[in-house]
Protein chains: 2
Amino acid sequence: MRYAPEHNEVTRDRILDAAGRLFQEHGIDAMGLAKVMAEADLTVGTFYTHFKSKEALVREVMVRSIQARHEAFTRALRDGHLEGVARTYLSPSHRDAPATGCPAAALTSEVARRPRTTRQAFAANMEPTLDAFAECISKRRGKKASRADASAVFGLLAGTLQLARATPNREESDAILEAGVRAALLLAK
Amino acid sequence: MRYAPEHNEVTRDRILDAAGRLFQEHGIDAMGLAKVMAEADLTVGTFYTHFKSKEALVREVMVRSIQARHEAFTRALRDGHLEGVARTYLSPSHRDAPATGCPAAALTSEVARRPRTTRQAFAANMEPTLDAFAECISKRRGKKASRADASAVFGLLAGTLQLARATPNREESDAILEAGVRAALLLAK
DNA sequence: ATTATCTATAGATCTATAGATAATGC
DNA sequence: ATTATCTATAGATCTATAGATAATGC
C-alpha cells in the first residue's frame with residue numbers, strides 16, 4: 001500500500017505495546033501471536049512482516065519494557081530517594097497491575113529459560129537500571145556499592161513483589177509489601 | 001488390571017515427580033501433558049485416571065515440591081544457621097539446577113497468574129517454611145520477626161536467584177549470588 | 001507500483017475423552 | 001472381574017507461510 005513512511009513503525013510499536021502488556025499479565029508462553037495481534041487490532045498474518053519470529057518479538061518487547069521502566073526508575077532515584085522507589089514498587093497498585101508494571105518482576109524467571117540471546121538482551125538492558133540503583137545505594141551508604149549489590153536490592157524488590165502477587169489473602173499480601181519496604185531500606189543503609 | 005494395591009499410588013508419584021522437574025526447568029505452560037507422561041514412562045491417555053485436569057496436577061505438584069523443600073529448609077535452619085541456608089540457596093549449583101531446586105524461585109511468578117485455588121495452595125504451603133525462617137531470624141535478631149519479615153528475606157533469596165539465572169555471563173552471575181548472600185545476612189541481623 | 005494487511009492453510013501441538021487391551025487378585 | 005494402561009481421536013490452538021486484497025505515494 002505504500003503507506004505513510006511512519007506507518008510501519010507506528011504499527012510495530014502498537015504490536016510491541018500489546019505484547020508487552022499481555023506477556024506481563026499472562027506469561028509469554030500463554031499468549032499466542034493471534035491474541036497479541038488481536039490486541040493490536042490486527043490479524044496473525046501481518047505478524048511476520050514486522051518480526052522474524054516470536055522469539056524476536058519477545059527479545060524486542062523485553063528490551064523496550066526494561067528501557068521504559070528505566071526512565072521511571074531514574075526519575076524516581078534521582079537525589080537518592082530510594083524510599084520513594086521502594087514504596088512505589090512495593091505498593092498495592094503495582095502489585096495489582098502486572099501488565100503495566102515492572103517487566104523484571106513479571107518475566108525474570110521466564111527469561112531464565114529462554115535462549116541465550118534473549119538472556120543477553122535482558123541482562124545488558126538491566127545494567128543501566130542496576131547501575132542507577134548502585135549509585136543511589138552508594139550515596140546512602142557513603143561507600144561504593146557494586147552492580148551486584150544493587151542486584152540484591154533489586155532482587156529483594158522483585159522477589160517480594162512476586163510473593164505478594166502469589167498470596168491471595170489481601171491482608172497478608174499487604175503485610176508482605178510493607179515488610180519488603182522496611183527490608184529494602186535496611187539493606188541500602 | 002487389578003494391580004497391586006500400591007501400584008496406583010506409585011505411578012501417581014512418578015507422574016508428580018516428572019511434572020515437578022519439567023515444570024521447574026521449562027515452565028508450566030511450556031510442558032504439555034504428553035511430555036510429562038513420557039518423562040514418567042507413560043502415555044497421555046493414562047493421565048486422567050490419575051488427575052482431574054492439568055490445573056489439578058499443577059496444584060498437587062506445587063504442594064509436593066514446596067513440602068519437599070520445606071524438609072530441606074528446616075533441616076538446615078535448625079540452630080539458626082541462616083548463613084548456611086543462604087550460601088546453599090544462592091550457590092552456583094542451585095542456580096544451575098532449576099529442575100531440582102526451589103519451586104518458589106522457579107514458579108512464583110507463574111503461580112501469581114494461576115487460578116485462586118492454585119494460589120491458595122501455594123500460599124498455605126509456604127507458611128511453614130516462612131515461619132521457620134521467621135523463627136530463625138527472630139533468634140538472630142533477638143527480637144520477634146513476623147512471617148512478612150521472613151517473606152522479605154525469602155523474596156530476596158528467590159528474586160536474587162532468578163536474576164542470577166537470567167544473567168548469561170558467569171562471572172556477573174556469580175557476583176550476584178555472592179552479593180545476595182551478604183545482603184541476606186545483613187537483612188537478618 | 002509498492003507493500004502492509006487480510007484470509008486461508010499447513011503441520012505440530014495442546015487438553016481432554018472414548019473405547020480397546022492387558023495385567024493380576026479373587 | 002477389575003482397572004491401569006494403551007491407541008486413536010476430537011476440537012482448539014500454536015507458529016509460520018502463501019497468495020490475494022487493498023491502500024496510497026509516485
Side-chain angles (χ1 to χ4, degrees), chain A residues 1-62 107 110-111 113-115 117-118, chain B residues 1-62 107 110-111 113-115 117-118:
Chain A
M1 330 181 187
R2 184 169 287 191
Y3 290 84
E6 74 282 6
H7 177 94
N8 188 308
E9 209 181 341
V10 168
T11 305
R12 223 182 123 86
D13 281 1
R14 220 170 61 231
I15 298 171
L16 286 165
D17 284 344
R21 287 192 302 273
L22 294 178
F23 287 169
Q24 292 196 22
E25 182 156 9
H26 301 106
I28 296 168
D29 291 334
M31 291 319 288
L33 296 176
K35 280 174 192 154
V36 170
M37 294 305 277
E39 174 87 359
D41 290 314
L42 293 163
T43 57
V44 229
T46 317
F47 178 79
Y48 292 89
T49 57
H50 293 282
F51 300 94
K52 189 178 131 278
S53 65
K54 186 181 181 184
E55 198 61 36
L57 171 69
V58 169
R59 268 198 306 276
E60 283 206 49
V61 162
M62 256 187 28
L107 301 178
E110 294 190 57
V111 168
R113 299 173 190 125
R114 293 269 153 194
T117 41
T118 303
Chain B
M1 329 184 192
R2 186 170 283 190
Y3 291 83
E6 74 282 8
H7 176 94
N8 189 308
E9 210 181 341
V10 167
T11 305
R12 221 182 125 84
D13 280 0
R14 222 170 59 229
I15 298 171
L16 286 165
D17 284 342
R21 286 191 302 273
L22 294 179
F23 287 169
Q24 292 197 22
E25 181 157 8
H26 301 107
I28 296 168
D29 291 334
M31 292 318 290
L33 296 176
K35 280 174 192 154
V36 170
M37 294 306 277
E39 173 87 359
D41 290 314
L42 293 164
T43 57
V44 230
T46 317
F47 178 80
Y48 292 89
T49 57
H50 292 280
F51 301 94
K52 190 179 130 277
S53 65
K54 185 181 181 182
E55 198 60 35
L57 171 69
V58 169
R59 269 197 307 276
E60 284 205 49
V61 162
M62 256 187 27
L107 300 177
E110 294 190 56
V111 167
R113 300 173 190 125
R114 295 267 153 194
T117 42
T118 303

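A note on names: the letters A, B, ... follow the listed sequences, proteins ahead of strands, and every chain is numbered from 1.
- For A:Asn8 and D:dT24, the CG to P distance is 14 Å, given to the nearest whole Å.
- Residue-level contact check: B:Gly32 touches the backbone only, with heavy atoms under 4.0 Å from sugar-phosphate atoms and none from bases.
- When side chains are defined from C-beta on, B:Asn8 counts as touching B:His50, because their heavy atoms get closer than 4.5 Å.
- As a whole-Å value, the separation of B:Met31 CE from C:dA12 C1' is 15 Å.
- Phosphate contact (OP1/OP2 of C:dA23, side-chain N/O of B:His7, threshold under 4.0 Å): absent.
- Against DNA chain C, the stretch residues 34-42 of chain B makes heavy-atom approaches under 4.0 Å through B:Lys35.
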Where does DNA chain C pair, written as one dot-bracket string 5' to 3', with Watson-Crick or G-U pairs under 3.5 Å, ( ) inside the strand, [ ] for crossing pairs and | for another strand? ||||||||||||||||||||||||..

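- The pair B:Glu60-B:Arg12 meets the salt-bridge criterion, with a side-chain N (NZ, NE, NH1 or NH2) lying under 4.0 Å from an Asp/Glu carboxylate O.
- In this entry the distance linking CD of B:Glu9 with P of D:dA4 reads 12 Å, nearest Å.
- If you find the closest nucleotide of DNA chain D to A:Leu33 and to B:Thr11, the one lying nearer the 5' end belongs to B:Thr11.
- Listed in residue order, the members of residues 47-59 of chain B having a heavy atom less than 4.0 Å from DNA chain C are B:Tyr48, B:Ser53, B:Lys54.
- The phosphate of C:dA4 has neither OP1 nor OP2 within less than 4.0 Å of any side-chain N or O from A:Thr46.
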